[in-house]
Amino acid sequence: MTPTRRTVALGGLAGVTASVLAWRGTRAEAPAPLVRVGALPSGSEVPLSLVAAERPVALPAFGGRAMPLLTFFEGDAFPHVVRIRRGDTLVTTLENRLPPGLEEMSVHWHGLRIPNAEDGVPYLTQQPVPVGGRYGYRFAPPDAGTFWFHTHCNTAETIGRGLLGVLVVEGDESEPYDADVLVCLKDWRIGEDGTFLPFLTDEGASRAGSFGTVRSANGEGALRIPLPAGGDCRLRILNVDPTRIPEIGVEGAEAAIVAIDGVAVPPVPLRSWRLGPAMRLDLVVRTPADGGEARLVDYHAPQPVTLATLAGTGETRRATAFQPAPLLMADLAEPDLENALPLTLTFSATATGLSVAEIANDTASPPLGPLCVTRRSFWAINKAPWPDGGHAVLPPPLATLERGRTYRLTLHNVTPHPHPIHIHGHFFRVLSSTRREVMPHWADTVLLTPKERLDLALVADNPGDWMLHCHIIEHQETGMMGFVRVT
Ligand code: C2O
Ligand code: CU
């Protein structure tokens with residue numbers, strides 16, 4: 001893909017400083033610190049029944065045709081959204097009715113700092129759930145924000161066919177906005193004959209991934225969201241695509257970033273933000289007047305692609321200048337940088353000695369191993385591809401972290417591709433990069449750009465075995481995955 005001028009300012013970060021100046025006057029002022037959420041309130045038990053099965057679903061993006069999606073719920077909404085309040089306990093029953101070929105599964109709760117036993121990683125935190133089997137998850141998410149859930153088994157195909165849901169945990173607003181809507185981005189790999197294309201290809205897996213052919217937001221090719229005119233409207237944007245990395249912008253309205261991966265940041269004007277797979281971005285947009293339209297766009301294309309149209313309707317809600325209310329800050333432990341221990345993770349092509357091309361030509365190996373991933377290895381973390389040699393046993397952890405300690409993580413990308421790197425059960429603080437100016441923020445997934453070294457701080461405060469992997473699913477499934485152990 002031809003990089004555009006804007007993609008050079010990756011994450012829109014170069015733009016952030018300038019916009020802050022423009023917004024706040026001629027002198028950059030440090031934004032007021034965010035107010036923290038209180039202690040976890042006691043809420044109610046919310047039952048959730050997930051029945052994973054193949055269901056024909058006719059999304060508008062499919063042009064009226066039904067596709068054999070894999071879903072957790074009946075009905076043709078996409079995505080399915082579960083909303084709870086912070087303090088509620090989500091009591092989930094999973095039933096596996098997946099079709100042959102996808103037998104085993106689990107549910108992973110992306111971005112949630114929950115106990116390790118509820119994390120839903122087959123073989124690592126639970127045995128996979130066989131077809132016909134049931135499994136229960138029970139937890140009270142400690143943080144409000146925008147999250148999602150998906151399987152952690154045969155993930156290229158299951159996410160590719162839509163097996164996921166969005167989890168909104170309410171309770172982070174310091175003042176109510178005028179609307180709260182969701183934009184869930186996902187492409188679909190549909191061939192000319194109208195059937196699904198392979199979700200994992202050697203061609204894609206060994207490079208930037210296999211892109212979808214049909215783009216969608218909330219399952220629609222031309223999403224139009226009516227919103228209160230002249231209001232401060234919250235847009236929860238999720239990229240649940242396994243591959244594409246859009247560069248999010250808003251045209252025709254003022255917009256500010258208020259949260260990244262569900263964690264509040266002091267409101268900062270949006271110029272653009274690169275949203276890798278699994279990443280979330282909460283914006284507040286001042287909607288146009290009645291009859292006016294703004295557009296949510298992807299700049300990472302020769303011409304900006306409209307992802308959604310935001311239509312102002314009704315009486316204007318606010319006459320004041322755009323100064324969106326901040327969100328409440330999650331209760332995260334501050335990193336102790338003075339006493340931090342170093343940990344370097346290098347993301348590379350496979351360390352087996354075979355070239356990517358040689359592995360791609362080896363068609364003799366069966367496509368799936370018992371660890372729910374393919375047997376091909378194109379990628380490695382610290383020279384260890386997952387799975388490592390034999391598949392019957394888990395590889396050793398990438399590192400063992402002392403509980404409560406701060407780690408200074410260096411993520412080093414020695415490949416020519418960007419990788420959205422995700423850690424389970426924690427947020428890390430993104431501090432700096434060797435290749436660009438970064439806005440410090442918390443995240444569970446960070447885009448590691450080609451040849452970059454990223455400096456992160458991680459407080460290892462959640463005991464257990466936690467996956468750390470690239471969220472370009474074809475990379476994850478061909479080696480770019482490991483885990484850290486917090487003891
Ligand atoms: Cu969405 Cu292992 O992650
Ligand atoms: Cu990757």
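Each ligand, and each atom within it, is numbered from 1 in the order the structure gives. The figures that follow rest on heavy atoms only: side chains count, while hydrogens, waters and symmetry mates do not.
- Within His419, the N/O/S atom positioned nearest the Cu ion (ligand 2) carries the name ND1.
- Within His150, the N, O or S atom lying nearest to atom 1 (Cu) of ligand 1 carries the name NE2.
- For atom 1 (Cu) of ligand 1, the set of nearby N, O or S atoms under 2.8 Å includes one belonging to His471.
- For the residue pair Thr146 and Arg280, no side-chain donor N or O sits within less than 3.5 Å of a side-chain acceptor on the partner.
- Counting just the N/O/S atoms of His475, the one with the shortest distance to the Cu ion (ligand 2) is named ND1.
- In this structure, Trp109 and Tyr137 have side chains that are in contact, with non-hydrogen atoms separated by less than 4.5 Å.
- For atom 2 (Cu) of ligand 1, the N/O/S atoms of His152 include one lying under 2.8 Å.
- A distance below 6.0 Å separates the ring centres of His150 and His471.
- Among the atoms of His422, no N, O or S atom falls under 2.8 Å of atom 2 (Cu) of ligand 1.
- At least one N, O or S atom of His469, from either the backbone or the side chain, sits less than 2.8 Å from atom 2 (Cu) of ligand 1.
- Closest to atom 1 (Cu) of ligand 1 among the N, O or S atoms of His110 is ND1.
- In this pair, Phe147 and Phe427 present their aromatic rings tilted. The plane angle is within the 30 to 60° band.
- The closest side-chain heavy-atom distance from Arg234 to Leu327 is below 4.5 Å.
- Tyr407 and Phe428 have their aromatic ring centers separated by at least 6.0 angstrom.
- The Cu ion (ligand 2) has Cys470 among its coordinating residues (N/O/S atom, backbone or side chain, under 2.8 Å).
- In this structure, Phe196 and Pro68 have side chains that are in contact, with non-hydrogen atoms separated by less than 4.5 Å.
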